[in-house]
Amino acid sequence: MGTEDTEEAQVKTKKRLTDDEASNAKGDTPKKSSEIKTLMLSSSEIKTLMLSSSEIKTLVLSSMKEDPDDQDFTSERTGVKRKRSKEEASSSSTRKKKKSKNREQGEEPSAAALKDKKSGQERVKEVKREVKKEEEGEPKKMKKSKEQVEEARRLKIKMKEEEEQNRWRWWEEAKYEDGVKWKFLEHKGPYFPPEFESLPANVHFYYNGQVVKLSAAAEEVALFFAQMLDHEYTTKDVFRENFFNDWRKEMTSDERQLIQDLNKCDFGELHAMHKAKVEIRKNMSKEEKLVIKQTNQKMVEEYGFCLLDHHRERIGNFKIEPPGLFRGRGEHPKQGMLKKRIQPEDVIINCSRESKIPEPPAGHRWKEVRHDNTVTWLASWTENIQGSIKYIMLNANSKLKGEKDWEKYEVARKLKACVEGIRRQYTQDLKSKQMGTRQRAVALYFIDKLALRAGNEKEEGETADTVGCCSLRVEHITVHQHLDGSDFVVEFDFLGKDSIRYYNKVPVEKKVFKNVILFMENKNPGDELFDRLNTTLLNKHLSSLMPGLTAKVFRTYNASITLQQQLRRLSNKSDNPAEKLLSYNRANRAVAILCNHQRAPPKTFDQSMANLQAKIVARKEQLALAKTELKQAKKENKAKGDPKLQTLVERKKKAVERCEEQLLKMEVQATDREENKQIALGTSKLNYLDPRISLNYLDPRISVAWCKNMDVPLDKIYNKSQRDKFAWAIDMTEEDFEF
DNA sequence: GACAATACTTAGTATATGACGG
DNA sequence: CCGTCATATACTAAGTATTGTC
């Protein structure tokens with residue numbers, strides 16, 4: 001029901017409230033559109049690993065799972081591991097096992113081996129550099145370069161294999177008992193941002209024209225504001241007021257006495273200093289930048305990983321959020337408030353009882369150290385703006401995140417099996433005598449058909465005024481008996497998550513239409529449309545229809561099923577690679593429209609579009625030239641038959657091919673972007689469709705299977721981190737996979 | 001049963017990175 | 001080799017959903 005409609009891709013207008021009113025143009029759906037992701041992978045794959053001794057140790061440790069006596073693991077932990085290994089052996093028997101064999105042979109990445117690996121990676125880099133030089137160089141050097149290309153390729157493949165071997169294939173292991181997220185967890189604790197350093201003596205703050213030397217606390221907050229001066233944030237009344245209030249709280253009483261009016265504050269020198277610093281950073285020499293890079297890498301090595309059940313896992317956000325001025329989205333009532341510096345005394349650490357407990361920074365202690373293995377976070381603190389809890393958690397490529405993701409798609413697939421029944425039921429419920437049931441039915445209809453979010457209640461005045469399905473108000477809906485040739489049209493206009501506007505005119509079933517009118521009767525614009533319904537009630541009902549079913553599952557289900565259908569409809573095995581990618585991107589776009597995913601347009605959109613067109617023209621010329629050169633070379637070759645000329649012909653041929661390929665690619669890219677813009681501009685002046693975000697809703701196995709079917713290399717579709725994140729799907733998916 | 005607390009996913013924006021053309 | 005630009009990653013706000021508490 002929902003999906004067919006999405007295929008028609010009704011034009012939807014979306015944008016921020018603050019933007020100009022859209023023209024509500026109901027244009028035709030552009031016939032072509034998509035976005036080519038040019039993926040540059042090679043260099044990221046060849047990341048130079050700075051192996052600290054700690055990493056080597058952890059790697060060695062994790063590789064020694066077959067040799068527990070040698071380690072400081074408790075017998076309990078090793079016992080668990082042994083048991084799981086056995087289970088793994090039996091449970092994975094139905095799956096592909098070829099790759100796991102190396103893992104079981106207990107290959108030990110000794111320090112020496114690791115060093116070797118590192119040098120291998122460096123070699124690849126060197127070879128690549130040289131290859132680059134060669135390509136531009138003399139033809140006679142080609143031979144050598146070919147060898148080196150070959151070597152580089154081999155090394156790359158070897159590294160890939162190595163990485164594959166080191167990967168934790170958790171999806172082949174048995175799951176833990178309910179609620180248990182890990183058996184062993186060790187980490188270094190979060191990384192704290194550097195302390196504030198007072199301003200240099202030659203940088204002044206002025207109040208009412210007079211130099212004022214601020215206390216350190218006040219100075220730090222003043223600098224937060226000064227740094228943002230270029231942003232329009234700082235011109236908003238709410239922002240300024242919130243900032244000024246919180247700033248004054250940080251002042252000494254003398255300062256507070258003096259500084260009473262933000263308009264009399266002159267942050268000019270602080271602002272200039274900040275800009276100068278940014279400039280200096282930008283103009284740093286290569287060497288200086290390298291030093292910074294290496295320092296960062298060391299930091300990642302030390303704080304960016306944890307040890308979870310014998311496996312070294314990347315942490316997603318190991319840094320404590322630095323202090324600053326809160327920037328909410330949309331018309332946030334708390335924008336500009338001071339986000340305070342977090343101290344170790346605010347932080348709760350979570351890890352194994354028997355692990356090495358992280359050391360708090362010198363002179364500090366943790367708020368608490370707990371050992372709760374039913375949660376996935378490593379550290380947490382309470383943030384002062386909303387009073388919500390922030391967590392340090394693992395990277396998306398970790399077991400904990402991956403398993404949850406997988407589970408999510410499995411629930412959505414289960415919904416596929418029973419969605420027809422559920423639709424029949426809510427269609428029935430539209431006629432219910434119970435008001436609550438009817439409201440539930442209409443809400444469900446919207447959630448299913450339009451992929452609306454559930455719409456939890458929010459505390460008024462705490463956040464921007466945004467809504468989802470259950471929290472829609474009368475003012476967000478307009479009903480039209482007839483509109484643009486359709487009957488029973490409901491017009492939605494509200495701000496959703498992140499204050500992104502949702503604007504849509506949808507023809508609905510008559511019963512739905514009548515109900516909406518009924519729900520709106522005798523209500524004020526500010527009243528709730530579904531006054532007898534909330535997300536808890538809705539989800540209670542849903543979970544009674546199918547275990548694990550909640551409102552958001554519909555978004556996952558409808559997005560994934562749409563992608564699958566669109567891919568089947570749009571792509572052909574006989575298409576050329578660029579066309580295949582275009583189809584893939586178009587299918588993704590259909591999902592982005594469904595999910596109302598947008599972003600601010602790049603400031604330089606028009607410029608870059610023009611650039612691309614110019615490039616295409618240039619490439620066309622180049623192609624023409626290459627063709628004539630090829631002809632010329634062929635002619636000469638025929639006449640003389642020189643072997644040298646023969647190779648020249650070959651080269652020219654290659655050049656022509658390369659040109660054609662690139663031209664095709666660029667043209668597809670141009671089409672894609674142009675169409676993206678068309679969709680966006682047909683609906684809103686300021687926002688663009690963002691097909692990338694839909695990733696959260698799309699079962700990666702659909703894409704993996706599609707790649708296999710279409711003979712498209714996976715790295716055309718997923719970049720490195722996406723491939724890491726979806727390793728489970730890439731490993732287990734065959735070409736006959738069906739969502 | 002309301003409501004607050006908790007945990008975890010989703011999402012847009014800012015910034016870093018690195019490929020590519022000049 | 002260097003600047004420009006697109007892409008990748010970092011960051012963190014803003015959602016969803018469940019659980020605990022009174």
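To find a chain, count down the sequence lines: A is the first, B the second, and so on, and within it residues start at 1.
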Side chains of A:Glu232 and A:Thr235 only: does a donor on one sit below 3.5 Å from an acceptor on the other? no
Ignoring backbone atoms, establish whether A:Arg453 has a side-chain N or O less than 4.0 Å from OP1 or OP2 of C:dA14. no
Nearest-Å distance for atom pair NE2/P, residues A:His332 and C:dT12: 15 Å
Of A:Arg327 and A:Val375, whose nearest nucleotide on DNA chain B comes first from the 5' end? A:Val375
Under 4.0 Å between a side-chain N/O of A:Lys497 and OP1 or OP2 of B:dG12, yes or no? no
Candidates B:dT10, B:dA16, C:dT12 - which lies nearest the side chain of A:Asp405: B:dT10
Should A:Asp465 and A:Arg473 be marked as a salt bridge (Lys or Arg N to Asp or Glu O under 4.0 Å) after you check the CA-CA gap, both sets of side-chain angles, and the distance that decides it? CA-CA 11 Å; A:Asp465 179 19; A:Arg473 299 191 297 262; 2.7 Å; yes
OP1 or OP2 of B:dA11 less than 4.0 angstrom from a side-chain nitrogen or oxygen of A:Arg555, does that happen here? yes
Going through the distances and angles, do A:Glu403 and A:Lys181 end up as a salt bridge (Lys or Arg N to Asp or Glu O under 4.0 Å)? CA-CA 10 Å; A:Glu403 210 164 49; A:Lys181 303 292 168 59; over 6 Å; no
Heavy-atom protein contacts under 4.0 Å, nucleotides 17-22 of chain C, coded B base, S sugar-phosphate only, - none: BS----
When you measure from the centre of the six-membered ring of A:Tyr718, is the NZ or CZ of A:Arg723 under 6.0 Å away and within 45° of the axis? no
Does A:Lys340 have more than 12 heavy atoms from other residues, nucleotides or ligands lying within 6.0 Å of its NZ? no
Mind calculating the distance between CD (A:Glu368) and C1' (B:dT6) to the nearest angstrom? 14 Å
Is A:Lys181 close enough to B:dC8 that one of its side-chain N or O atoms is under 4.0 Å from OP1 or OP2 there? yes
From the candidates B:dA16, B:dG12, B:dC8, the one with an atom nearest any side-chain atom of A:His597 is B:dG12
Do the two ring centres, one from A:Phe492 and one from A:Phe446, sit under 6.0 Å apart? yes
In whole angstrom, give the distance that lies between atom CG of A:Asn719 and atom P of C:dT7. 11 Å
When rounded to whole Å, the CD to P distance for the pair A:Gln297 and B:dA16 reads 15 Å
Using a 6.0 Å distance limit plus a 45 degree cone around the ring axis, check whether A:Lys401 lies over the aromatic ring of A:Trp170. no
Between A:Lys275 and A:Asp230 (salt bridge meaning N to carboxylate O under 4.0 Å), is one present in this structure? yes
What integer distance in Å separates A:Lys282:NZ from C:dT4:C1'? 11 Å
With a cut-off of less than 4.0 Å, is there a side-chain N or O of A:Lys540 near OP1 or OP2 of B:dG1? no
Check the phosphate of C:dA14 against A:Lys458, side-chain N and O only, distance under 4.0 Å to OP1 or OP2. Yes or no? no
B:dT10 phosphate, OP1 or OP2, under 4.0 Å from A:Lys408 side-chain N/O: yes
Which part of the nucleic acid does A:Lys339 contact within heavy-atom distance under 4.0 Å: base, sugar-phosphate only, or nothing? sugar-phosphate
Sub-4.5 Å side-chain heavy-atom contact between A:Cys351 and A:His371: yes
What integer distance in Å separates A:Leu695:CG from B:dT9:P? 15 Å
Quick one, A:Glu407 with A:Lys404, criterion salt bridge (Lys or Arg N to Asp or Glu O under 4.0 Å). Give me CA distance, side-chain angles, the key distance, then yes/no. CA-CA 5 Å; A:Glu407 205 180 290; A:Lys404 202 78 191 294; 5.9 Å; no
OP1 or OP2 of B:dA14 sitting under 4.0 Å from any side-chain N/O of A:His231? yes
Of residues 376-396 of chain A, the positions that come close to DNA chain B - non-hydrogen atoms, cut-off under 4.0 Å: A:Thr376, A:Trp377, A:Ile389, A:Tyr391, A:Met393
Starting at atom CG of A:Asn596, determine the distance to atom C1' of C:dG15, rounded to an integer number of angstrom. 14 Å
Gap between atoms CE and P, on A:Met299 and C:dC11 respectively (whole Å): 9 Å
A:His187 ring center near A:Tyr303 ring center (under 6.0 Å): no
Measure from the side chain of A:Lys404, starting at C-beta and using heavy atoms only, and say which of B:dT17, B:dT9, C:dT12 lies closest. B:dT9
